[in-house]
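Not measured: the values here are computed from a predicted model. Residue numbers count from 1 along this sequence. What you see below is based on every heavy atom in this structure, not just the backbone, and it leaves out hydrogens, waters and symmetry mates.
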Amino acid sequence: MQPASIAGLGSDHPLERNLALELVRVTEAAALHAARWMGRGDKEAADQAAVDAMRDALRFVDMDGIVVIGEGEKDEAPMLYIGERVGTGRPPKVDVAVDPIDGTNLTAKGLPNAITVVALAERGTMYYDPHIMYMQKIAVGPAARGAIDINAPVKDNLVRIARFMERNVEDITVVVLDRPRHEELIDEIRAAGARIKLITDGDVAGAVMAALPGDTGVDVLMGIGGTPEAVLATCALKCLHGEMQCKLWPRSKEERQKARDAGNTDLDRVLGMSDLVNSDDVFFAASGITDGEFLNGVRYRGDLAETSSIMMRARSGTIRRCETHHHLDLKRNLSSGSPYVPD
């Protein structure tokens with residue numbers, strides 16, 4: 001049984017507006033406040049700054065949203081908890097996925113590719129599983145769509161991806177989280193002849209880089225990462241016409257049993273993109289906190305700041321990039337002193 005959205009299925013209001021244009025103001029606010037903590041060694045403070053800014057900015061988005069992918073359960077996360085209502089309360093009714101910082105360690109250490117992310121889709125369409133927090137993943141861009149099979153050997157996947165992309169396996173670069181659990185995967189990728197880009201955090205950014213048009217230097221994401229990040233990445237890949245496959249990865253016998261007790265009995269089932277986000281009208285927005293392959297980080301120049309963002313919609317296939325100049329003193333005056341209100 002596939003876990004469903006917090007609030008049940010169905011929506012009585014179509015997604016008529018391009019809400020990505022409103023969501024990017026939310027990610028900009030989170031990036032502006034999180035980036036103040038770049039390189040200062042305090043990932044909790046950076047995350048709290050992003051959460052505070054994102055939560056406050058979401059109040060101004062015209063939607064009736066429920067957080068499905070968030071910071072945790074209500075008793076564990078005081079802000080942006082799973083099940084929290086966000087937005088103005090007006091239609092449309094939507095599921096909301098947030099990651100105030102994809103890469104808290106990257107932010108704290110001043111390393112590349114820390115981003116802030118918001119995505120949404122029609123109410124009742126986002127996958128949610130409170131019991132198993134990790135998934136095995138493989139993700140590619142549109143050029144390799146149809147090439148992947150998460151149950152196939154690593155080499156077979158890489159050969160097919162290379163053939164679809166009209167390249168040699170030696171030309172393919174795989175992004176992998178640098179974790180002990182991936183030692184065997186890394187050995188197999190190297191044995192196949194492909195190149196590897198190891199990242200310490202941020203597999204949402206890794207999946208987006210694999211699918212973005214243009215040269216990010218990444219062709220495929222492989223490995224085990226967070227279940228919430230898989231849903232966020234799926235939202236982006238739907239907008240980019242890429243492909244992702246996942247399988248649940250219980251960390252223990254106890255975690256596996258809890259999932260089965262809750263009715264999720266087929267833990268070996270391959271989850272495709274429609275299983276993770278069962279909607280073709282999906283919005284995704286992200287802003288850079290630190291510099292990366294596809295987004296620049298925040299620049300501060302006294303009372304001026306610059307942000308780099310991307311916003312996408314699956315139904316229209318529209319991808320917008322946004323370089324925004326923020327007059328921080330004017331924003332404070334506009335918002336009557338609140339640092340989080342978007343313009």
Return the set of residues passing salt bridge (Lys or Arg N to Asp or Glu O under 4.0 Å) with Glu188 (not counting sequence neighbours), or none when no residue passes. none

Does a side-chain heavy-atom distance below 4.5 Å link Met273 with Cys235? no

Which atom of Leu232 lies closest to which atom of Ala119, heavy atoms considered: CD2-CB, 4.0 Å

Beyond-backbone contact of Leu32 with Val298, side-chain heavy atoms, under 4.5 angstrom: yes

Got a second to check how far Arg25's CZ is from His326's NE2, nearest 0.5 Å? 10.5 Å

Ile66 CD1 to Met126 CE distance, which is reported to the nearest 0.5 Å: 12.0 Å

Counting only heavy atoms not in Lys155 (residues, nucleotides, ligands), do more than 12 fall under 6.0 Å from its NZ? no

Met54 side chain near Leu80 side chain, heavy-atom distance below 4.5 Å: yes

Quick check for you: to the nearest 0.5 Å, what is the distance between Phe283 atom CZ and Ser316 atom OG? 8.0 Å

If the threshold is 4.0 Å, N to carboxylate O, is there a salt bridge linking Asp219 and Lys197? no

So which heavy atom on Leu177 is nearest to which on Gly202, and how close? CD2-N, 4.3 Å

Any salt bridge linking Asp281 with Arg315? Criterion: basic side-chain nitrogen under 4.0 Å from a carboxylate oxygen. yes

Find the distance between CG (Leu271) and CE (Met135) and round it off to the nearest 0.5 Å. 5.0 Å

Heavy atoms, side chains only, cut-off 4.5 Å: are Leu19 and Pro92 in contact? yes

Under 6.0 Å from the six-membered ring centre of Tyr300 and within 45° of its axis: does the NZ or CZ of Arg36 meet both? yes

Do Asp64 and Arg123 meet the salt-bridge criterion of a basic N to acidic O distance under 4.0 Å? yes

Does Arg59 pair with Asp56 as a salt bridge, N-O distance under 4.0 Å? yes

Any side-chain heavy atom of Pro112 within less than 4.5 Å of one from Asp291? no

Should Glu306 and Glu323 count as side-chain neighbours, where that means a heavy-atom distance under 4.5 Å? no

Is the number of heavy atoms from other residues, nucleotides or ligands under 6.0 Å of Asp280 CG greater than 12? no

Just do the salt bridge (charged side-chain N to carboxylate O under 4.0 Å, His left out) check on Arg179 and Asp201 with the steps written out, would you? CA-CA 10 Å; Arg179 300 287 189 274; Asp201 293 278; 3.4 Å; yes

Within-4.5 Å side-chain heavy-atom neighbours: Glu28 and Ser309: yes

Does the distance from a Lys or Arg side-chain N to an Asp or Glu carboxylate O, for Arg55 and Glu84, drop under 4.0 Å? yes

Applying salt bridge (charged side-chain N to carboxylate O under 4.0 Å, His left out), run through Arg160 and Asp149 and close with a yes or a no. CA-CA 10 Å; Arg160 285 176 57 83; Asp149 178 358; over 6 Å; no

Mind checking whether Thr88 and Val61 have side chains closer than 4.5 Å, heavy atoms only? no

Which one of Leu106, Ile101, Ile115, Thr27 satisfies the side-chain contact (heavy atoms from CB on, under 4.5 Å) criterion with Ile289? Ile101

Inter-residue atom distance Leu248.CG - Asp129.CG, 0.5 Å rounding: 6.0 Å

In this structure, CD1 of Ile310 is separated from CG of Leu240 (nearest 0.5 Å) by 6.5 Å

